[in-house]
Amino acid sequence: MGNLWNYLSSVPSSEQTWNPWTIFFLAFFTVGLIATVVLNNSVNRIFGEHRLHRTTLHKITYRAMWGWMVGLAFFVCRYVGLNFLGWELWLYVSMIAALALMGYTLWWLRVKYPPRVAAYRKEQRRRAYLRPGSAAAAALTSNTRSGTTARAEREQRLERADPANRANRRAAAKK
């Protein structure tokens with residue numbers, strides 16, 4: 001255990017800095033940073049009309065950019081030879097954290113995100129019927145009259161406003 005700790009807590013000299021592991025680390029974090037910057041800047045083009053997708057992708061890429069930059073900052077500290085921040089340990093911690101966050105993001109997108117999309121679509125459909133001046137908005141507004149006649153009138157207006165009933169009304173009108 002002593003040799004492992006000595007290895008992880010050592011700051012390599014300038015000629016020991018470039019080995020296959022650190023080259024892979026540098027390439028991994030650089031490509032990750034470039035990819036998230038490009039993706040973050042093209043969010044509006046990718047999901048122009050879907051606000052939920054747009055904001056979610058923006059949040060994911062913004063947070064990922066900070067993670068990639070932290071990993072690159074540890075590499076720079078190692079390259080410069082800073083005592084505590086240049087340890088080999090921080091390269092491993094950064095790589096494990098990046099892989100764990102990528103896994104968590106994929107899990108979240110597969111498990112937690114679909115119900116949010118369904119709720120967003122439901123809300124969008126509800127708002128489409130409640131635009132100012134629409135029959136559905138008039139049907140749901142508070143009416144000064146009360147009783148069964150007012151309730152029946154509201155239900156009739158809602159039935160007329162529902163797009164699913166338009167085909168039924170057309171078929172009834174043709175007969």
Side-chain angles (χ1 to χ4, degrees), residues 21-77 85 90-145 150-175:
W21 161 245
T22 56
I23 292 170
F24 172 75
F25 179 86
L26 181 63
F28 179 72
F29 276 82
T30 303
V31 167
L33 180 63
I34 292 170
T36 53
V37 167
V38 168
L39 198 57
N40 191 18
N41 288 332
S42 60
V43 166
N44 290 335
R45 187 174 41 85
I46 295 171
F47 297 116
E49 296 296 321
H50 205 289
R51 183 182 53 85
L52 180 66
H53 289 339
R54 200 172 52 240
T55 57
T56 302
L57 185 61
H58 178 71
K59 287 178 184 178
I60 289 171
T61 56
Y62 184 75
R63 292 172 183 160
M65 280 190 285
W66 279 105
W68 299 121
M69 285 190 283
V70 166
L72 288 173
F74 281 130
F75 179 80
V76 168
C77 291
L85 296 175
W90 302 124
L91 295 181
Y92 289 106
V93 169
S94 297
M95 183 63 75
I96 291 169
L99 294 175
L101 289 175
M102 288 167 59
Y104 174 76
T105 301
L106 290 174
W107 172 83
W108 186 84
L109 286 172
R110 290 188 58 106
V111 174
K112 298 287 186 177
Y113 190 58
R116 290 183 185 206
V117 172
Y120 175 78
R121 288 184 179 152
K122 183 179 178 182
E123 178 67 17
Q124 291 300 98
R125 282 193 301 271
R126 186 187 72 79
R127 285 185 183 192
Y129 295 123
L130 295 180
R131 292 211 168 84
S134 70
L140 294 177
T141 56
S142 59
N143 208 339
T144 56
R145 296 186 313 183
R151 183 178 302 126
E153 288 176 8
R154 281 196 307 270
E155 288 175 2
Q156 286 176 351
R157 286 193 301 250
L158 278 172
E159 284 294 315
R160 284 194 307 262
D162 188 9
N165 294 332
R166 289 182 186 154
N168 296 339
R169 282 198 319 264
R170 279 190 223 124
K174 287 182 181 179
K175 289 182 180 179

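- When all heavy atoms are compared, the tightest approach of Arg121 to His50 is NE-NE2, 4.4 Å.
- Residue Trp21 holds its CH2 atom at 6.0 Å from OH of Tyr92, rounded to the nearest 0.5 Å.
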**Report entry** side-chain contact (heavy atoms from CB on, under 4.5 Å) between Thr22 and Leu26, worked out
**Finding:** CA-CA 6 Å; Thr22 56; Leu26 181 63; over 6 Å; no
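- Heavy-atom neighbours of Tyr62 OH from other residues, nucleotides or ligands within 6.0 Å: at or below the threshold of 12.
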Could you give the side-chain donor-acceptor pairs of residues 101-114 under 3.5 Å, partners two or more places apart or in another chain?
{"from": "Thr105", "atom 1": "OG1", "to": "Leu101", "atom 2": "O", "distance (Å)": "2.8"}
{"from": "Tyr113", "atom 1": "OH", "to": "His53", "atom 2": "ND1", "distance (Å)": "2.6"}

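- The two residues Cys77 and Leu85 make their nearest non-hydrogen contact at CB-O, 3.5 Å.
- Partners of Thr61 according to the side chain to side chain donor-acceptor pair (under 3.5 Å) rule, which considers only residues two or more places apart in sequence or in another chain, are Asn40.
- Qualifying side chain to side chain donor-acceptor pair (under 3.5 Å) partners for Ser94, counting only residues two or more places apart in sequence or in other chains: none.
- Not counting sequence neighbours, the partners of Phe29 by the ring-ring contact (aromatic ring centres under 6.0 Å, His included) test are Phe25, Trp68.
- By the side chain to side chain contact (heavy atoms under 4.5 Å, CB included) test, Val37 is found to be paired with Leu33, Asn41, Met65, residues two or more places apart in sequence or in another chain being considered.
- The side chain to side chain donor-acceptor pair (under 3.5 Å) check on Tyr120 picks up nothing, with sequence neighbours excluded.
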Query raised in the report: Under the side-chain contact (heavy atoms from CB on, under 4.5 Å) criterion, do Leu91 and Met95 qualify, and how do the steps go?
Result: CA-CA 6 Å; Leu91 295 181; Met95 183 63 75; over 6 Å; no
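- Note that CG of Leu57 is 4.5 Å distant from CG of Leu39, once rounded to the nearest 0.5 Å.
- In this structure, the separation between CD on Glu123 and CG on Leu52 is 11.5 Å, given to the nearest 0.5 Å.
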